[in-house]
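Everything below concerns the one structure shown next.
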Amino acid sequence: MQMLLLSLYPKAWRDQYGEEYEALLEDTGMSAATVFDIVKAACLLRFKAHERGLHVVLSLSLYALCGLICLRLGLTDNWPLWAPTNPARATGLFVTLLPLAYALYIRFSSLRDYQRQWRGSGMAYWLVVSPLTAISTMVLAFVCSFSLFGTGIVTLAGEHTAFIVGALMMALIGLMLVKLLDSIQNRLLHRFTP
Amino acid sequence: MSQHDQDKDKLSRFGEPAHLILLSLSTGPKHGYAMTQDIYEETGIKLGPGTLYGAITKLAEQGLIKPVADSNDRRRPYMITAQGKTALESYVASWSQVMALGKRRLAGL
């Protein structure tokens with residue numbers, strides 16, 4: 001039972017706190033309230049571990065939704081970028097691009113935290129963190145620009161639904177690639193550092 | 001924002017369990033179960049293991065507590081850091097003002 005409950009927690013957390021947490025569970029004993037408390041805390045930690053990724057996915061979805069609304073309102077025929085020739089079009093463009101800017105901001109802030117965390121590790125930082133963060137950021141930037149300009153061409157052809165699906169799929173593929181690069185980076189770092 | 005305000009802000013975001021843990025560790029290092037027992041005996045509040053370790057994780061990430069260095073025990077003890085002590089002092093000072101105000105206002109009712 002204790003092992004099952006422990007497995008609900010993220011692996012990184014278990015690696016750091018698993019043993020002592022198991023000892024605490026042995027001392028505490030199990031009741032319905034305790035189990036509920038453990039499951040609730042595990043869910044919160046799992047959510048927190050993917051919080052930034054979820055923010056990026058939601059932002060990109062919101063970006064697609066705002067663009068669709070602008071299309072439906074007749075503010076543009078050329079989503080995602082259009083000339084802000086009047087206040088309504090300018091507002092529509094601003095509202096559409098805002099979630100995209102937020103997604104990029106989230107990515108850059110997680111990179112900043114990551115680099116701050118590993119800055120003291122000498123060679124590992126320069127050999128692993130810098131090149132891989134640069135590559136993963138370029139992947140996300142490429143995905144965003146492709147999503148913006150590439151699917152804009154599809155929109156011109158009048159296939160709005162294809163655009164929505166295409167933009168979301170590109171965003172998801174980009175996020176998966178970024179996650180994969182982050183995971184490689186973590187493994188390499190742990191190999192380089194004691 | 002001053003360091004004093006930043007420390008207070010860090011702590012206030014974590015809610016009550018974090019304050020209780022810092023208060024418990026202010027009398028010396030303790031492991032998880034000893035903390036729950038101490039908090040229960042002193043305040044009557046029983047923290048579940050999930051809540052306790054959720055708060056411990058955040059406090060350790062923020063550098064307000066840290067594990068005792070030379071302990072290889074499975075029941076790893078934690079101690080309050082200087083930063084944690086400052087944060088706790090700020091929290092207690094601000095709540096003392098609120099309590100004093102509350103008492104004055106209630107006396108006037």
Side-chain angles (χ1 to χ4, degrees), chain A residues 1-52 55 109-121 186 189-190 194, chain B residues 6 10-11 13-21 24-25 28-81 83-84:
Chain A
M1 178 72 170
Q2 283 162 5
M3 293 307 289
L4 180 71
L5 289 169
L6 198 58
S7 69
L8 297 175
Y9 283 80
K11 189 179 178 304
W13 190 89
R14 275 182 280 148
D15 289 344
Q16 192 172 354
Y17 296 101
E19 206 178 346
E20 56 192 279
Y21 194 57
E22 206 183 331
L24 174 66
L25 296 185
E26 282 167 18
D27 293 338
T28 307
M30 288 293 143
S31 67
T34 307
V35 171
F36 178 73
D37 182 68
I38 293 165
V39 173
K40 187 182 74 176
C43 290
L44 283 172
L45 276 172
R46 287 237 174 233
F47 174 76
K48 192 171 172 276
H50 297 102
E51 195 179 5
R52 281 181 165 160
H55 275 224
S109 49
S110 56
L111 287 181
R112 192 190 53 207
D113 290 352
Y114 202 72
Q115 293 199 322
R116 199 177 287 158
Q117 183 189 342
W118 287 97
R119 193 159 285 165
S121 45
N186 270 326
L189 275 172
H190 285 107
Chain B
Q6 280 176 10
K10 258 183 205 172
L11 190 54
R13 274 182 292 159
F14 298 161
E16 196 178 64
H19 303 129
L20 294 172
I21 290 168
S24 176
L25 295 181
K30 289 180 191 70
H31 58 70
Y33 187 66
M35 280 183 231
T36 51
Q37 289 299 101
D38 180 51
I39 291 166
Y40 183 64
E41 282 162 18
E42 295 294 332
T43 65
I45 297 169
K46 196 166 179 110
L47 293 182
T51 306
L52 180 81
Y53 260 81
I56 285 178
T57 305
K58 288 173 190 167
L59 287 168
E61 275 172 7
Q62 292 292 332
L64 302 179
I65 63 169
K66 63 178 183 184
V68 175
D70 56 350
S71 171
N72 292 320
D73 194 345
R74 275 180 77 220
R75 289 163 179 78
R76 185 161 34 160
Y78 285 85
M79 60 188 282
I80 192 166
T81 62
Q83 206 185 342

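Sequence lines set the chain letters: A, B, ... in the order given, protein chains first and strands last, and positions in each chain run from 1.
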Distance in Å, B/Thr57 OG1 paired with A/Leu44 CG, rounded so as to fall on 0.5 Å steps
11.0 Å

Separation of A/Glu22 CD from B/Arg75 CZ (nearest 0.5 Å):
10.0 Å

Would you say the side-chain atoms of B/Tyr33 and A/Glu20 include a donor-acceptor pair closer than 3.5 Å?
no

Between B/Gly50 and A/Tyr9, what is the shortest heavy-atom contact and its length?
CA-OH, 3.8 Å

Counting only non-hydrogen atoms closer than 4.5 Å, does A/Phe36 touch chain B with its backbone (N, CA, C, O), its side chain (CB onward), both, or neither?
neither

Okay, A/Leu25 and chain B: the region with an atom under 4.5 Å from a heavy atom over there is side chain

Check A/Val35, A/Asp37, A/Asp27, A/Leu5 against B/Pro49 for a side-chain contact (heavy atoms from CB on, under 4.5 Å) and give me the one that passes.
A/Asp37

Let me see the working for A/Glu26 and B/Arg74 under salt bridge (Lys or Arg N to Asp or Glu O under 4.0 Å), right down to the final yes or no.
CA-CA 11 Å; A/Glu26 282 167 18; B/Arg74 275 180 77 220; 3.1 Å; yes

Does B/Tyr53 form a side chain to side chain contact (heavy atoms under 4.5 Å, CB included) with A/Trp13? I'd like the steps, not just the answer.
CA-CA 10 Å; B/Tyr53 260 81; A/Trp13 190 89; 3.8 Å; yes

Tell me, with the steps shown, if B/His31 and A/Leu24 meet side chain to side chain contact (heavy atoms under 4.5 Å, CB included).
CA-CA 9 Å; B/His31 58 70; A/Leu24 174 66; over 6 Å; no

